2 protein chains.
Amino acid sequence: MSLAQLEYFVAVAEEAHVGRAAQRLHIAQPPLSRQIRRLEDELGAPLFERTPRGMRLLPEGEVFLAHARAILRAVGDAQRAVRARHGV
Amino acid sequence: MSLAQLEYFVAVAEEAHVGRAAQRLHIAQPPLSRQIRRLEDELGAPLFERTPRGMRLLPEGEVFLAHARAILRAVGDAQRAVRARHGV
DNA sequence: TGAGGTTACGCCTATCGTAATAATG
DNA sequence: CATTATTACGATAGGCGTAACCTCA
């Protein structure tokens, strides 16, 4: 699992659409689709239901979304904390 | 910043020694040294003081260590949460 | 001068983008 | 049949390991 995968996952979850999430992330659709798949494989559980209209979060995905956001927030906190301390 | 870099950083902080940390991580010393440097560059602040005996955490490093551990713990929590939910 | 950290350099895996393919209402 | 996601495939970048180098008590 990588931080990029977490950012990708959050974007897809919020957009419910791989194409729109890819635009927002400034990457192409296929790599995004692949990374989501890899993440699901690694976790051993699907996170989305694929529909012809887009992606819908499964319950496992809802659970993971909260955790993913918390991790990304913690990363931002860590960066800010060091920079604040260094600024002193 | 990557999760691997965080694991590397925690290992070096705990061992206070790049060589021992590298052994523990099962990687060679140079890549570990490089990743620590890259992390410091990205954060814009040194995290260690280099001494002839090894590495000593600077105050910025102490601050970052707590955050790094929190992030890695959160990653483990996220994986467990999804797998527990999926197991149901 | 010895212990420890860092550069140089080459390889190799992983990720990306473009193009083509599959699936489904 | 149009929209969306996925697979194929080639190119590129990032990370690792070995070997050589630097630094300091």
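In what follows, chains carry the letters A, B, and so on, assigned in the order in which the sequence lines appear, proteins first and then strands, with residues in each chain numbered from 1. Owing to the predicted nature of the structure, the values given are computational and were not obtained by experimental measurement. Values below: every heavy atom of this structure, side chains too, minus hydrogens, waters and symmetry copies.
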Worksheet entry | Side chains of A:Leu32 and A:Leu25 in contact at under 4.5 Å (non-hydrogen atoms) | yes
Practice prompt. Measure the distance from CG on A:Leu25 to C1' on C:dC16 and round it to the nearest whole Å.
Written response: 13 Å
Item to complete: Report the distance from atom CD of A:Glu49 to atom CZ of A:Arg56, rounding to the nearest 0.5 Å.
Response: 5.0 Å
Worksheet item: Between which nucleotides of DNA chain D, read 5' to 3', does contact with chain A run, using atoms under 4.0 Å from its heavy atoms?
Response: D:dT4 to D:dC9
Worksheet, complete the sentence: Separation between CD (A:Gln29) and CZ (A:Arg20), nearest 0.5 Å, reads 11.0 Å
Discussion item. Rounded to whole Å, please give me the gap between CD in B:Gln23 and P in C:dG5.
Written reply: 12 Å
Discussion item. Restricting to non-hydrogen atoms, name the atom on A:Val18 and the atom on A:Ser33 that form the minimum distance, rounded to 0.1 Å.
Written reply: CG1-N, 4.2 Å
Discussion item. Between A:Asp77 and A:Arg80, does any NZ, NE, NH1 or NH2 come within less than 4.0 Å of an OD or OE carboxylate oxygen?
Written reply: yes
Worksheet item: Do A:Leu39 and A:Phe64 have side chains that get closer than 4.5 Å, going by heavy atoms?
Response: yes
Item to complete: Would you mind reading off the distance between B:Arg56 atom CZ and C:dG5 atom P, rounded to a whole angstrom?
Response: 13 Å
Worksheet item: To the nearest Å, how far apart are B:Arg37 CZ and C:dG4 P?
Response: 18 Å
Worksheet item: Got more than 12 heavy atoms from elsewhere within 6.0 Å of CZ, A:Arg53?
Response: no
Item to complete: Could you state the atom-to-atom distance from CZ of B:Phe48 to C1' of C:dG4 in whole Å?
Response: 14 Å
Worksheet item: Reckon B:Arg38 touches a base, only the sugar-phosphate, or nothing at all at heavy-atom distances under 4.0 Å?
Response: sugar-phosphate
Worksheet item: A:Phe48 versus A:Glu40: any side-chain heavy-atom pair under 4.5 Å?
Response: yes
Worksheet item: In whole angstroms, how far is the P atom of C:dT6 from the NE2 atom of B:His17?
Response: 12 Å
Discussion item. A:Glu15 vs A:Arg24, test: side chain to side chain contact (heavy atoms under 4.5 Å, CB included). Steps then yes/no.
Written reply: CA-CA 9 Å; A:Glu15 300 290 342; A:Arg24 171 171 143 188; 3.0 Å; yes
Worksheet item: In whole angstrom, what separates B:Ile36's CD1 from C:dG5's P?
Response: 11 Å
Worksheet entry | Minimum-distance pair of heavy atoms, taken over all atoms of A:Glu60 and A:Pro46 | CB-O, 3.8 Å
Which atom pairs link the protein and nucleotides 17-24 of chain C when you take only N or O atoms and keep those under 3.5 Å?
from	atom 1	to	atom 2	distance (Å)
C:dG17	OP2	A:Ala28	N	2.8
C:dG17	N7	A:Arg34	NH2	3.4
C:dG17	O6	A:Arg34	NH1	3.0
C:dG17	O6	A:Arg34	NH2	3.0

Fill in: Validation row: B:Arg69, B:Glu14 side chains within 4.5 angstrom (heavy atoms)
yes
Practice prompt. Return the residues of residues 5-16 of chain B meeting this criterion: a heavy atom under 4.0 Å from some atom of DNA chain C. Order them by number, or give none.
Written response: none
